Every structure is written in structure tokens, then in C-alpha cells.
Amino acid sequence: MELFFEGKLSAPIVAACARCAEDFKTPSARPFRFVLAPRAAADGADGRLRSEDLEFSLYDGDEIDLAPLVTEQLILALPSRALCREDCRGLCPQCGVNLNQNQCGCVEQANDPRLAVLRTLKLQRS
Ligand SMILES: [Zn+2]
Ligand SMILES: [Zn+2]
């Protein structure tokens, strides 16, 4: 017997911002559909039961453990590159201050190694 599950997973998840590393909550909602087929039936079916748009799993015996399937859906629902907000300013590359919360006195420096060489040359001349 094949079993069809259809539903929607919605849970607030806590993710770490890719720019400023702050934790933030984001709502996630992910519709899912999956089919469970008994392993015995699938063995003789040459994979014909598989369908591209459905998650497909097998079960043994009379008991079905949905936990791993739900966990998998949860993992899929996680954003791969999460930002706490679209215009997150991230961390100062020089002092590490969270620029969303604080301003630091750092001036953006061009870390050009050629400039460093020039500085050294000037020092030597004087
Ligand atoms: Zn952020
Ligand atoms: Zn700074």
C-alpha cells in the first residue's frame, strides 16, 4: 500500500546572519508532499514508483517513523545564506563592531600593498 502525505511545515527557525553573525528568527513555511511505499513492493517495481516532484521513501513492516522525513523537510527549509535583514551592514572588517548596532571610527582603508611599499620608501628617504 502506498501512503501519500501532504502538508505544510511552518516553524520559526533561528538562523545566524551570514554577514553579522547575529542570531535572528525567521518564519519558515514549506509545503511538502511525500509518498511512502512498502519496501517489498518497491523492490520489484524497477523504480517506476518514483516521481520527480515527490519525495519518495520506503517503509518496512507496519510501522512508519515520520520523524526523519519531517527533519529532512526542516533542513530543506533552512535558508542557505541567511541575512538578518536585506540591508544588514555586517561587521566592520577592521574592528569587528556590528555596524547595525554601533558605529565605529574606522576609516575604510585601501589595503593596497603597493601603498605600503611607498610608505616605506618615503620613510627611508627622510
Ligand atoms: Zn546581519
Ligand atoms: Zn571599525
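These values consider heavy atoms only, across backbone and side chains, with no hydrogens, waters or symmetry-generated copies. Nothing fancy with the numbering, it's 1 onward along the sequence. What you see is a predicted model, and the numbers here were worked out from it, not measured in a lab. In each ligand, atom 1 is the first atom listed, and ligand 1 is the first ligand listed.
- Around the Zn ion (ligand 1), the angle linking C88 (SG) with C20 (SG) is 110°, rounded to 10 degrees.
- For the pair SG of C84 and SG of C17, the angle whose vertex sits at the Zn ion (ligand 1) is 110° to 10 degrees.
- The angle that C92 SG and C104 SG make at the Zn ion (ligand 2), rounded to 10°, works out to 110°.
- In terms of modelled atom types and a separation under 3.5 Å, the side chain of R19 and the main chain of C88 share a donor-acceptor contact.
- Annotation for Q103: atom CD does not count as buried by contact number, only 12 or fewer foreign heavy atoms lying within 6.0 Å.
- A heavy-atom distance below 4.5 Å is found between the side chains of C106 and C92.
- Side-chain contact between N100 and C20 is present, with heavy atoms from C-beta onward closer than 4.5 Å.
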